[in-house]
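As the structure is a prediction and not an experimental result, all values here were calculated from the model. Chain letters run A, B, ... following the sequence lines, proteins first and then strands; every chain starts at 1.
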Amino acid sequence: MLNNSQIRYCLDKMAEMFPNAHGELNHSNPFELLIAVLLSAQCTDALVNKVTKNLFKKYKTPEDYLNVPLEELQNDIRSIGLYRNKAKNIQKLCRMLIDEYGGMVPTDRDELTKLPGVGRKTANVVVSVAFGVPAIAVDTHVERVSKRLGICRWKDSVLEVEKTLMKKVPKEEWSITHHRMIFFGRYHCKAQNPQCEVCPLLDLCREGKKRMKRKDQS
DNA sequence: AACTCGGGGCA
DNA sequence: TGCCCAGAGTT
C-alpha cells in the first residue's frame with residue numbers, strides 16, 4: 001500500500017502529464033451540469049458534449065423538460081446510449097426539482113442522491129464542480145488507477161476507494177485529484193492497454209511491475 | 001455480485 | 001463485426 005508521500009508523488013506526476021486536466025463536463029449552471037453528468041453514464045464525454053450542445057438550446061429549465069412528451073425528449077437524446085431510461089429519469093428528476101426543491105438543484109450531496117438516476121458519483125461531481133464542495137467522484141478510471149497503483153486494496157468497494165482517497169489526500173485537493181486521475185486513467189493507465197513501458201510511476205506501481213515482469217517472461 | 005440498458009466511436 | 005464507454009437501479 002502506498003504511503004501519503006508516495007501518493008503525493010503520483011498525483012504530481014499526473015499533473016505534469018496532463019497539465020490542463022479539467023472536467024470537460026463543466027457547464028455554466030448547476031442544472032445543465034447535472035443533466036450533462038446524468039447523460040454521461042456509460043458513454044464518452046465527447047458524445048455528451050455533442051448532444052448537450054443542441055439540447056441546452058431547446059431545454060433551459062426543469063419546466064422545459066416536462067413540457068414535451070417523453071418520446072420527444074427520448075428522440076432528442078437518441079444518439080446517447082441508454083436514452084430511454086435517461087429521458088425518463090430526467091423528467092422524473094425535473095418533477096422532483098420543481099415539487100421539492102423550488103426548481104433549484106439541491107446543494108447537498110445526500111439530497112442529490114435522492115434524485116432518480118443520480119448516484120454517488122454523479123452527486124459528487126455536481127457538488128464539487130458546481131458548488132465548490134470538496135469531493136472525490138470515483139468512477140471506473142479513478143477506481144482502476146487507485147487499485148493498480150496500490151493506493152487502495154483490489155477488493156475495495158467504490159465507497160471504500162473514495163474514503164481512502166479522502167483520508168490520504170488534503171481536502172483542498174480532492175476535486176483536482178479526481179480530474180487528474182480521470183485523465184491519467186483514460187489516456188495513459190487505460191483499462192485495456194496501459195502504457196506501463198513509458199509510465200513515470202512504474203517504479204512504485206504494484207500492478208505495473210507485475211505486468212512488466214509477465215511481459216519479460218513471455 | 002451479477003445483470004441490464006444502448007447507440008456511437010474506433011480497431 | 002466486436003468491443004468499450006465520466007453509472008445507476010433492480011434482483
Please compare A:H178 and A:G117 by the position of their nearest nucleotide in DNA chain C and report the one closer to 5'.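 Mapping each residue to its closest nucleotide by heavy atoms, the 5'-most match is A:H178.
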
Which listed nucleotide (B:dG7, C:dA6, B:dC5) is nearest to the side chain of A:S79?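 The nucleotide sitting nearest to the side chain is B:dG7.
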
Nearest to side-chain heavy atoms of A:T44, which nucleotide of B:dG7, C:dC5, B:dG6: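 Nearest to the side chain of A:T44 among the choices is C:dC5.
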
Given DNA chain B, 5'-ward residue of the pair A:A41 and A:K50, judged by closest heavy atom: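 It is A:A41, whose closest nucleotide lies nearer the 5' terminus.
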
Residues [X], [Y]: salt bridge by 4.0 Å N-O rule:
X	Y	value
A:E173	A:R8	yes
A:R186	A:D45	yes
A:K58	A:E72	yes

Mind calculating the distance between [atom1] ([X]) and [atom2] ([N]) to the nearest angstrom?
X	N	atom1	atom2	result
A:D45	B:dG8	CG	P	17 Å
A:I80	C:dG7	CD1	P	12 Å
A:R120	C:dG7	CZ	P	16 Å
A:L112	C:dA8	CG	P	12 Å
A:K190	C:dC3	NZ	P	18 Å
A:N85	C:dA8	CG	P	13 Å
A:K92	C:dA8	NZ	P	15 Å
A:E143	C:dA8	CD	P	12 Å

Reckon [X] has a side-chain N or O less than 4.0 Å from the OP1 or OP2 of [N]?
X	N	result
A:K88	B:dC5	no
A:Q192	C:dC4	yes
A:T140	C:dA6	no
A:T122	C:dA8	yes

B:dC3 versus C:dA6 - spacing of their P atoms, nearest Å: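 Pairwise P distance, B:dC3 against C:dA6, rounds to 22 Å.
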
With rounding to the closest Å, how many angstrom separate the P atoms on C:dA8 and B:dG8?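 Nearest-Å result for C:dA8 against B:dG8 at atom P: 23 Å.
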
Please classify the nucleic acid contact of [X] as base, sugar-phosphate, or nothing, using heavy-atom distances under 4.0 Å.
X	result
A:A191	sugar-phosphate
A:V118	sugar-phosphate
A:L47	sugar-phosphate

Within 6.0 Å of NZ in A:K147, more than 12 heavy atoms from elsewhere: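 More than 12 within 6.0 Å, yes.
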
Ignoring hydrogens and angles, state whether a donor on the side chain of A:Y187 or A:Q195 is under 3.5 Å from an acceptor on the partner side chain.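 No pair is found: no donor N or O on one side chain lies under 3.5 Å from an acceptor on the other.
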
Are the ring centres of A:Y65 and A:F31 closer than 6.0 Å?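 Yes, the ring centres sit under 6.0 Å apart.
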
